[in-house]
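Here it is, the structure, as structure tokens.
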Amino acid sequence: MDTLLNLVNEANDFLWSFLLLIILCGTGIYYTIRLKFIQVRKFGQGFRQVFGNFRLKGEKRGKGEMTPFQSVATAIAAQVGTGNLAGAATALLGGGPGAIFWMWLSAFFGMATIYAEATLAQEYKTRDPEGNVTGGPVYYIKAAFRGRFGKILATLFAIFIVLALGFMGNMVQSNSIGVAFSEVFNARGIPVPSLAVGVLVAAVAAFIFLGGTDRLAAVVEKLVPVMALVYIVGSLILIGMNVTQIPAALRMILVGAFRPQAVLGAGAGIAVREAIRFGVARGLFSNEAGMGSTPHAHARASAKNPHEQGLAAMISVFLDTFVILNLTVFALLTSGVLDSGKDGIALTQEAFVSGFGSLGDIFVAVCLLFFAFSTILGWHFFAEINFRYLFGGKAVKLYSLLVVAFIIVGSTLKVDLVWSLADFFNGLMVIPNALALLALSPVVAGMARKFGGRKQGQDARRQ
């Protein structure tokens, strides 16, 4: 295992220390400029697009479609997961507090990137043989690059996303759930193996997998708002207990972004490069902007036009990174637990234990269960579309069984290896997706001009 971990880490050093930083941030900066800071100009409209027409009884949608709220909820279900609780901790330990600054910056530019992803997913969506609406990067990659090259690039993306999300990514989610609940039970003298937790999570996931997209959409549109609200309230209470430490936490982030040694000391061995790498990598794992995953949910939305769904997609990144992930960051920094010797989700639990006592680790474990489980559902759905693209509809049941197996195995593995594998395949996904985003930028800009200039309330259906 140690040999494999070293090999994967070396590959990640190449991907994340240079190549992907340029691709991800470069794409986000390019779209931010080309779309004239759309994430700022249209933020309010995007917020209204997500929540303005929300109804408890649901919205109208066509066969094989999701409502705009369901599509955003599915996207947020995939985005808000282990990365928001355990990923924030690993970013702080690996890159220091300064990593959070780079996470913020990459998320800001990522809002423009995900606008482009959702817009293209809507523009190039189609219907599968069963009549369900489907779409995602494989379809707009082939539109961007005609002929053999486009097919090869789309196939590579499909393979990478199945490995990255369906298999390796869901191992990360189950691993963190298993560790979190083991911490809870072990602290109370009740030895519960992570494997037992993994089997239980896999069994519930399999039940929802078998229900198809309709069951998934019905679950996440109810689960996501509740789980987010509970965690937000709990985090705000903890941060409020240590409110006097907020200025110091902000200083650690801002100074540590450019001078990590000034915050952590020269002996920490963390340089600016590590701060940038861990910030961008964990930010991507959290909000998935530029990765090519959430466009699968946005393609299924019954939106009036691609531009509107692009605006809705921006809000999912904002909620994920600037709201929920930041709550974890400030809970960790203000509670002063970074030097506790713990890592990942155990470190986040330690922060909440410092404020809530014996209830703290239980609170985090339960929140993580819902966060990570909703991500498992979303990632299974995203990768399933690509597995179907590669092997046809008859192979989907086999795919679901494989995902269930990886969920079980992931709950037992060493946390470092699981995260490194996820980072590696996430990085590979970015490359073909970003190439298509850049090639199709005239299409995205055209959609923004065509529909973005319409007045609020005016019918913006495609002409």
Next on the checklist: Suppose we screen for side chain to side chain contact (heavy atoms under 4.5 Å, CB included). Which residues come up paired with Val184, at least two apart in sequence or across chains?
Outcome noted: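 Residues passing side chain to side chain contact (heavy atoms under 4.5 Å, CB included) with Val184: Arg188, Gln349, Asp361, Ile362, Ala365.
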Item to check | Beyond-backbone contact of Asn170 with Phe406, side-chain heavy atoms, under 4.5 angstrom | outcome: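 Counting from C-beta outward, Asn170 and Phe406 never come under 4.5 Å.
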Checklist entry - With sequence neighbours excluded, what pairs up with His296 under the ring-ring contact (aromatic ring centres under 6.0 Å, His included) test? => result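 ring-ring contact (aromatic ring centres under 6.0 Å, His included) check on His296 returns Phe382.
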Checklist entry - Will you find, in the side chains of Asn175 and Ser411, an N or O donor that is under 3.5 Å from an N or O acceptor? => result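 Result is no, nothing qualifies.
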Checklist entry - What distance separates Ile114 CD1 from His298 NE2, expressed to the nearest 0.5 Å? => result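 Output value for this atom pair is 5.0 Å.
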Next on the checklist: Would you compute the distance between atom OG1 of Thr119 and atom CG of Leu440 and round it to the nearest 0.5 angstrom?
Outcome noted: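 Here the rounded value is 11.5 Å.
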Item to check | Pair Ile38-Tyr31, side-chain contact (heavy atoms from CB on, under 4.5 Å): steps then yes or no | outcome: CA-CA 9 Å; Ile38 193 168; Tyr31 266 111; over 6 Å; no
Item to check | Interatomic distance, Leu21 atom CG to Leu15 atom CG [nearest 0.5 angstrom] | outcome: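 Output value for this atom pair is 10.0 Å.
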Item to check | Ring centres under 6.0 angstrom apart (Phe425, Phe160) | outcome: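 No - the distance between ring centres of Phe425 and Phe160 does not fall below the 6.0 Å cut-off.
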Checklist entry - Less than 4.5 Å apart, any side-chain heavy atom of Trp379 and any of Gln173? => result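 Touching, per the 4.5 Å side-chain cut-off.
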Checklist entry - Does anything in residues 316-332 pair up under side-chain hydrogen bond (donor to acceptor under 3.5 Å, both in side chains), and if so which pairs, sequence neighbours excluded? => result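 Residue pairs with at least one partner in residues 316-332: Gln79-Ser316, Asn84-Asp320, Trp104-Asn326, Tyr231-Thr328, Ser286-Asp320, Asn287-Thr321.
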Item to check | Nearest-0.5 Å distance, NZ of residue Lys42 to NZ of residue Lys36 | outcome: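 Between Lys42 NZ and Lys36 NZ, I get 11.0 Å after rounding to 0.5 Å.
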Next on the checklist: With side chain to side chain donor-acceptor pair (under 3.5 Å) as the criterion, how do Gln39 and Thr32 come out once you've worked through the C-alpha distance, each side chain's angles and the decisive distance to 0.1 Å?
Outcome noted: CA-CA 8 Å; Gln39 64 267 60; Thr32 295; 3.1 Å; yes
Checklist entry - Taking all non-hydrogen atoms of both residues, which atom of Pro432 and which atom of Leu153 are closest, and how far apart? => result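 Of all heavy-atom pairs spanning Pro432 and Leu153, the closest is CB-CG, 3.7 Å.
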Checklist entry - If you look at every heavy atom in Leu332 and Ala88, which pair is closest and at what distance? => result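 Nearest pair, atom of Leu332 first, then Ala88: CD1-C, 4.3 Å.
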Item to check | Close side-chain approach of Val40 to Phe108, heavy-atom, < 4.5 Å | outcome: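 Answer yes - side chains close enough.
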Checklist entry - Is a donor on one side and an acceptor on the other found under 3.5 Å between the side chain of Arg388 and the backbone of Gly393? => result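 A pair under 3.5 Å: no.
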Item to check | Closest contact, heavy atoms only, Glu117 versus Asn433 | outcome: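 Answer, listing the atom of Glu117 first, then Asn433: OE2-ND2, 2.9 Å.
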Item to check | Inter-residue atom distance Phe149.CZ - Ile141.CD1, 0.5 Å rounding | outcome: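 Reported value, rounded in 0.5 Å steps: 9.5 Å.
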Item to check | Minimum heavy-atom distance Met447-Glu123, with the two atoms named | outcome: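 Result for this residue pair: CE-OE1, 2.7 Å.
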Item to check | side-chain contact (heavy atoms from CB on, under 4.5 Å) partner of Ser174, the single match among Val409, Val197, Ile407 | outcome: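 Answer after filtering Val409, Val197, Ile407: Ile407.
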Checklist entry - Can you tell if the side chain of Phe145 reaches within under 4.5 Å of the side chain of Ile152, non-hydrogen atoms only? => result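 Not in contact.
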Checklist entry - Just wondering, do Thr348 and Leu368 contact through their side chains at under 4.5 Å, heavy atoms? => result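 Side-chain contact under 4.5 Å: no.
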Checklist entry - Between Phe47 and Met314, is any pair of side-chain heavy atoms under 4.5 Å apart? => result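 With C-beta onward as the side chain, the pair stays apart.
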Next on the checklist: I need the minimum non-hydrogen distance between Ala158 and Val138, along with the two atoms involved.
Outcome noted: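 Ala158 and Val138 have their closest heavy atoms at CB-CG1, 4.0 Å.
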Item to check | Shortest non-hydrogen contact between Gln309 and Gln122, atoms and distance | outcome: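 Taking Gln309 first and Gln122 second, the nearest heavy atoms are CB-CG, 3.8 Å.
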Item to check | Asn386 (side chain) donor-acceptor with Tyr389 (main chain) under 3.5 angstrom | outcome: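 Here the side-chain-to-backbone pair does not exist.
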Checklist entry - Could you walk me through whether Val444 and Leu35 pass the side-chain contact (heavy atoms from CB on, under 4.5 Å) check? => result CA-CA 9 Å; Val444 177; Leu35 300 176; 4.3 Å; yes
Checklist entry - Is any side-chain heavy atom of Ser106 less than 4.5 Å from a side-chain heavy atom of Leu24? => result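 Sidechains of Leu24 and Ser106: no contact.
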Checklist entry - For Phe370, does the CZ atom have more than 12 heavy-atom neighbours from other residues, nucleotides or ligands under 6.0 Å away? => result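 Check fails, neighbour count at 12 or below.
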Next on the checklist: What I'd like to find out is whether the side chain of Thr90 reaches to under 4.5 Å of the side chain of Phe278, using heavy atoms alone.
Outcome noted: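 A side-chain contact under 4.5 Å is absent here.
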Next on the checklist: How long is the straight-line distance from CD1 of Ile161 back to CG of Leu428, given to the nearest 0.5 Å?
Outcome noted: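 Going from the CG atom of Leu428 to the CD1 atom of Ile161 covers 12.5 Å.
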Checklist entry - Any donor-acceptor pair under 3.5 Å linking the side chain of Asn12 with the backbone of Ser420? => result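 Yes.
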Checklist entry - Which residues pass the ring-ring contact (aromatic ring centres under 6.0 Å, His included) test with Tyr115, sequence neighbours left out? => result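 ring-ring contact (aromatic ring centres under 6.0 Å, His included) check on Tyr115 returns His307.
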Checklist entry - Any luck finding a side-chain donor-acceptor pair between Arg34 and Ser441 under 3.5 Å? => result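 Yes, a side-chain donor-acceptor pair sits under 3.5 Å.
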Checklist entry - Would a line drawn from the ring center of Tyr139 to the ring center of Tyr124 be shorter than 6.0 Å? => result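 No - the distance between ring centres of Tyr139 and Tyr124 does not fall below the 6.0 Å cut-off.
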Checklist entry - For Leu19 and Ile431, what are the C-alpha separation, side-chain angles and deciding distance, and is it a side-chain contact (heavy atoms from CB on, under 4.5 Å)? => result CA-CA 9 Å; Leu19 182 63; Ile431 298 171; 4.1 Å; yes
Next on the checklist: Please check this pair: side chain of Arg127 against backbone of Thr134, looking for a donor-acceptor N/O pair closer than 3.5 Å.
Outcome noted: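 Checked: no pair found.
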Checklist entry - Listed by chain and number, what are the ring-ring contact (aromatic ring centres under 6.0 Å, His included) partners of Phe391, not counting sequence neighbours? => result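 Scan of Phe391 (ring-ring contact (aromatic ring centres under 6.0 Å, His included), adjacent residues dropped) gives Phe387.
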Checklist entry - If we ignore angles and hydrogens, is there a donor and acceptor under 3.5 Å between the side chains of Asn426 and Glu288? => result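 Absent: no donor and acceptor within the cut-off.
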Checklist entry - Is the gap between the ring centers of Phe43 and Phe318 under 6.0 Å? => result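 Yes: the rings meet the under 6.0 Å criterion.
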Checklist entry - Can Leu437 and Tyr140 be said to form a side-chain contact (heavy atoms from CB on, under 4.5 Å), step by step? => result CA-CA 8 Å; Leu437 290 177; Tyr140 61 68; 4.0 Å; yes
Item to check | Which residues share a side chain to side chain contact (heavy atoms under 4.5 Å, CB included) with Ile159, sequence neighbours left out | outcome: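 Side chain to side chain contact (heavy atoms under 4.5 Å, CB included) check on Ile159 returns Thr155, Leu163, Leu390.
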